[in-house]
Amino acid sequence: MREIVPISVGAAASGLILREHTRRTRAERLSAATMETLLNTIDANDADTGAHVRRVASYALILGEAAGLDERALHSVERVALFHDIGKLHGALTDIFHESSTLTPEERRAVMTHPLRGAEVLAPLSAFYPELEKGVAAHHERWDGSGYPRCLKGRRIPLEARIVSFADSFDAITHRRRYSHARSFKAAINAISEGKGTQFDPDLADLFLSRPVLARIERAMRRAHSPQKKSANRRRGDKNSAPDVTFRWRPRSLGSQSRDRQP
Ligand SMILES: [Fe+2]
């Protein structure tokens, strides 16, 4: 009997490890599915915003990687980027975003509520992703304290929001919108250079404006504007192009060995 005891203990331990692994895997899948569902909700309500947040996430991840963030921090940046504008879907704002080409002062004030409206929507996820609500609330803050809604200054602005603000501004300049034409890559670089230390974190601005980061951002921008090129890059496994955000978020099917990353 004495020889049997260690075997039974070993089997019980293996069972526990297996059950824990299964539990964790299911929790990761549920988390990824929740994020994917939220992203689908944005797409279903406003496809332009859905495309915008994906481009912003691509650019933000490039800057985050260049800043040396670890995997966990990069996922935080990615989440804030993907959901930074979810507050624009609020019923009180959709008409303004979809119909007004020039904003009245009252409409402008209403638009400025979207970071806090978004943070409110995401508040139930704070227990799991503490950075998400704060990052989304702060994505229009500016380094010099002249942003909104809380006039946060410098490093009081969460890192995720500081990174996303570069990507958001870059995309706002380089992508055509209902009320403005797309401007050139160079115009976007000039705007970011001019905003260093006022709108943008100066250290991150130097990083964004560095040659290797600009090369990756430009490549990601061209890829985002060219769907055929995007899938060709993916097939080639082009490591210098931006990560494919949609691919990252798609939950793994049961038993699959795919290389999807989970949050
Ligand atoms: Fe915004």
Side-chain angles (χ1 to χ4, degrees), residues 20-46 49-90 93 113-141 147-150 152 154-168 171 201 204 242-253 258-263:
E20 176 59 15
H21 175 73
T22 307
R23 192 193 63 75
R24 285 178 71 103
T25 305
R26 289 191 70 83
E28 284 175 356
R29 285 179 185 148
L30 175 61
S31 166
T34 305
M35 295 294 116
E36 186 87 4
T37 301
L38 264 182
L39 209 46
N40 287 345
T41 307
I42 296 174
D43 286 336
N45 278 273
D46 184 349
T49 297
H52 163 69
V53 298
R54 283 179 170 82
R55 290 192 302 273
V56 168
S58 297
Y59 305 142
L61 283 170
I62 291 171
L63 184 56
E65 284 178 4
L69 300 189
D70 63 19
E71 194 68 13
R72 179 183 283 264
L74 284 174
H75 279 307
S76 296
V77 167
E78 185 180 37
R79 277 189 288 271
V80 171
L82 287 174
F83 302 115
H84 74 279
D85 270 346
I86 200 167
K88 285 184 177 177
L89 305 186
H90 195 282
L93 305 181
T113 63
H114 81 271
L116 287 180
R117 290 184 192 274
E120 247 170 60
V121 168
L122 298 164
L125 288 170
S126 289
F128 306 96
Y129 305 125
E131 84 296 337
L132 185 55
E133 185 185 353
K134 289 179 189 154
V136 167
H139 79 271
H140 279 291
E141 301 288 2
Y148 64 89
R150 295 192 170 116
L152 297 179
R155 292 204 161 79
R156 299 196 68 163
I157 304 167
L159 177 63
E160 293 86 355
R162 276 183 273 146
I163 289 176
V164 166
S165 81
F166 282 90
D168 193 19
D171 190 61
D201 178 329
L204 286 175
D244 187 324
V245 175
T246 307
F247 184 70
R248 275 188 170 209
W249 282 101
R250 188 160 295 135
R252 284 176 290 196
S253 58
S258 92
R259 51 186 268 272
D260 293 11
R261 297 192 205 174
Q262 302 293 340

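Just so you know, these numbers use all the heavy atoms, side chains as well, and skip hydrogens, waters and symmetry mates.
A donor-acceptor contact shorter than 3.5 Å links the side chain of His84 to the backbone of Ala81. Remark: the backbone N or O of Thr41 is paired with a side-chain donor or acceptor of Asn45 at under 3.5 angstrom. The closest donor-acceptor contact from the side chain of Glu160 to the backbone of Val80 lies at 3.5 Å or more, if one exists at all.
Remark: Tyr129 OH to Thr34 OG1 distance equals 7.0 Å, nearest 0.5 Å. In this structure, CD on Glu78 lies 12.5 Å from CD1 on Ile163, to the nearest 0.5 angstrom. One finds the CG atom of Leu125 at 9.5 Å from the CD atom of Glu131 (value rounded to the nearest 0.5 Å). The NZ atom of Lys134 lies 11.5 Å from the OG atom of Ser76; values are rounded to the nearest 0.5 Å. Distance check: Ile42 CD1 to Arg54 CZ gives 8.0 Å after rounding to the nearest 0.5 Å. The line from OG of Ser58 to CG of Leu82 is 8.5 Å long, rounded to the nearest 0.5 Å.
Of all heavy-atom pairs between Val56 and Asp168, the closest is CG2-CA, 3.9 Å. Considering every non-hydrogen atom in both Val77 and Ala60, the closest pair reads CG1-CB, 3.8 Å. In this structure, Arg162 and Ile157 approach most closely via the heavy-atom pair NE-O, 2.9 Å. Taking both residues in full, the closest heavy atoms of Val136 and Pro115 are given as O-CB, 3.7 Å, listed atom of the first, atom of the second, then distance. Shown here for Leu93 and Gly87, the closest heavy-atom pair between the two residues is CD1-O, 3.5 Å. For the residue pair Ala161 and Gly135, the shortest heavy atom distance occurs at CB-O, 3.5 Å.
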Please test Leu116 against Arg150 for side-chain contact (heavy atoms from CB on, under 4.5 Å), starting from the C-alpha separation and ending with a verdict. CA-CA 10 Å; Leu116 287 180; Arg150 295 192 170 116; 3.7 Å; yes

Decide yes or no on side-chain contact (heavy atoms from CB on, under 4.5 Å) for His139 and Phe83, but give the supporting numbers first. CA-CA 10 Å; His139 79 271; Phe83 302 115; over 6 Å; no

Going through the checks in order, is the side-chain contact (heavy atoms from CB on, under 4.5 Å) test met by Asp85 and His52? CA-CA 9 Å; Asp85 270 346; His52 163 69; 3.4 Å; yes

I would like to know whether Thr25 and His21 meet side-chain contact (heavy atoms from CB on, under 4.5 Å); could you show each step before the answer? CA-CA 6 Å; Thr25 305; His21 175 73; 3.6 Å; yes

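Glu120 and Arg117 are not joined by a salt bridge, as no carboxylate oxygen comes within less than 4.0 angstrom of a charged side-chain nitrogen.
By the 4.5 Å heavy-atom criterion applied to side chains, Val121 and His90 are not counted as neighbours.
None of Leu122, Leu132, Leu38, Leu74 except one satisfies the side-chain contact (heavy atoms from CB on, under 4.5 Å) rule with Arg79; the exception is Leu132.
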